[in-house]
Amino acid sequence: MRARGTERSLARRAELLAIGRRLFADTSYDALSMDDIARQARVAKGLIYYYFQSKRGYYLAIIQESVADLVSFAASGLELARVDRAHRTVDSYLRYAESNQAAYRTIVSGGVGFDAEVHAIRDSVREAIVATIAEAAYGRSDVAPAARMGLLAWLCGVEGATLDWIDRPELSRDSMRELLVRMLGGTLRAIEELDPAYPAPEPARRDL
């Protein structure tokens with residue numbers, strides 16, 4: 001009986017998270033009150049408080065779940081060639097930003113003022129994406145400082161460019177992906193110049 005109750009509770013929580021992801025996909029945190037959320041979700045407001053304690057707790061849980069999906073997908077595809085994996089990682093990143101614009105802006109900007117929990121989510125996403133790119137480029141995720149900093153600098157550039165792109169989608173997603181992947185090729189070549197122990201993979205020598 002307890003196990004069945006736990007399963008139902010987890011299913012209900014997952015359902016609320018799915019609803020929240022739809023509600024907050026294009027709507028900022030401040031634009032939705034708990035009454036708005038409960039009404040649109042067609043649930044009692046107390047149920048949201050029961051599972052997440054507060055509106056902030058609910059929002060953070062939604063962000064954590066959605067970025068976990070992003071990181072998991074980006075880290076998959078180990079069987080793919082390096083070029084294909086780079087394209088897959090960048091494409092999944094852009095798709096996430098495009099489909100979760102309000103949440104993406106919150107994550108990249110760090111929330112309102114200094115929000116330690118949102119900063120922690122952002123930093124964990126950065127480290128996961130850098131590790132994924134390093135694994136694809138060098139066969140390992142634990143890399144020397146020059147390689148890590150080069151990849152992090154590229155990713156921070158990706159964040160800024162993606163913020164502008166979702167506000168002004170003048171480029172198609174395919175064109176945006178190709179641009180960012182070619183920039184990655186330049187970054188990998190620059191890393192090799194600084195630290196020859198990290199040679200750019202062959203595809204990067206052809207601009208990926």
Side-chain angles (χ1 to χ4, degrees), residues 17 21 60-101 103-111 114-166 173 176-208:
L17 287 174
R21 287 177 68 165
L60 286 174
I62 291 165
I63 291 177
Q64 288 167 340
E65 184 191 58
S66 59
V67 298
D69 289 346
L70 165 65
V71 170
S72 177
F73 185 81
S76 64
L78 295 176
E79 75 286 356
L80 298 175
R82 286 176 172 178
V83 174
D84 294 334
R85 192 172 180 199
H87 280 78
R88 175 191 173 99
T89 299
V90 174
D91 189 71
S92 64
Y93 186 92
L94 292 174
R95 286 178 184 273
Y96 172 80
E98 193 176 29
S99 300
N100 301 271
Q101 294 187 18
Y104 181 79
R105 290 188 185 94
T106 297
I107 294 165
V108 172
S109 66
F114 185 85
D115 190 318
E117 290 181 272
V118 176
H119 274 262
I121 293 171
R122 183 195 63 190
D123 291 346
S124 68
V125 172
R126 282 180 175 173
E127 290 299 328
I129 297 295
V130 166
T132 294
I133 297 295
E135 184 69 37
Y138 306 118
R140 62 187 188 275
S141 57
D142 184 17
V143 293
R148 179 188 172 278
M149 187 55 68
L151 295 177
L152 180 61
W154 168 78
L155 181 57
C156 289
V158 169
E159 291 176 352
T162 302
L163 280 175
D164 187 78
W165 175 67
I166 60 178
R173 187 174 62 248
M176 187 67 175
R177 182 191 65 232
E178 289 302 317
L179 175 62
L180 297 177
V181 170
R182 288 179 181 276
M183 288 169 58
L184 175 59
T187 296
L188 294 171
R189 292 192 294 274
I191 290 170
E192 179 181 7
E193 291 178 7
L194 288 172
D195 190 344
Y198 289 87
E202 183 59 32
R205 300 181 187 283
R206 300 194 301 273
D207 291 329
L208 289 173

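- Considering every non-hydrogen atom in both E192 and A200, the closest pair reads OE1-N, 3.2 Å.
- Side-chain atoms of R85 and T132, non-hydrogen and from C-beta on, do get closer than 4.5 Å to each other.
- Looking at heavy atoms from C-beta onward, L94 lies in side-chain contact with W165 at the 4.5 angstrom threshold.
- To the nearest 0.5 Å, atoms CG (L17) and CD1 (I63) are separated by 11.5 Å.
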Under the side chain to side chain contact (heavy atoms under 4.5 Å, CB included) criterion, do E159 and Y104 qualify, and how do the steps go?
-> CA-CA 9 Å; E159 291 176 352; Y104 181 79; 3.9 Å; yes
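- Legend: ring pair (Phe, Tyr, Trp, His ring centres under 6.0 Å) pairs involving residues 142-164, not counting sequence neighbours: none detected.
- Between L155 and the options V130, V125, T187, I133, a side-chain contact (heavy atoms from CB on, under 4.5 Å) holds for only V130.
- You'll find the side chain of L184 stays beyond 4.5 Å of the side chain of L180, heavy atoms only.
- When the side chain to side chain contact (heavy atoms under 4.5 Å, CB included) test is applied to R95, the partners found at least two apart in sequence or on another chain are D91, R173.
- Contacts of Y96 classified as side-chain hydrogen bond (donor to acceptor under 3.5 Å, both in side chains), with partners at least two apart in sequence or in another chain: S66.
- Every residue was checked against the side-chain hydrogen bond (donor to acceptor under 3.5 Å, both in side chains) condition with D123, not counting sequence neighbours, and none meets it.
- The line from CD of Q101 to CG of L163 is 10.0 Å long, rounded to the nearest 0.5 Å.
- Nearest heavy-atom pair across A137 and L188 is CB-CD2, 4.0 Å.
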Under 3.5 Å, sequence neighbours excluded: what are the donor-acceptor pairs made by side chains of residues 141-152?
from, atom 1, to, atom 2, distance (Å)
R148, NH2, E127, OE2, 2.6

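- One finds the CG atom of D164 at 7.5 Å from the CE atom of M176 (value rounded to the nearest 0.5 Å).
- Side-chain contact between R177 and Y93 is absent, with no heavy atoms from C-beta onward closer than 4.5 Å.
- Looking at residues two or more places apart in sequence or on another chain, you find no side-chain hydrogen bond (donor to acceptor under 3.5 Å, both in side chains) involving E193.
- Put simply, the side chain of L60 reaches to within 4.5 Å of the side chain of I121, judged on heavy atoms.
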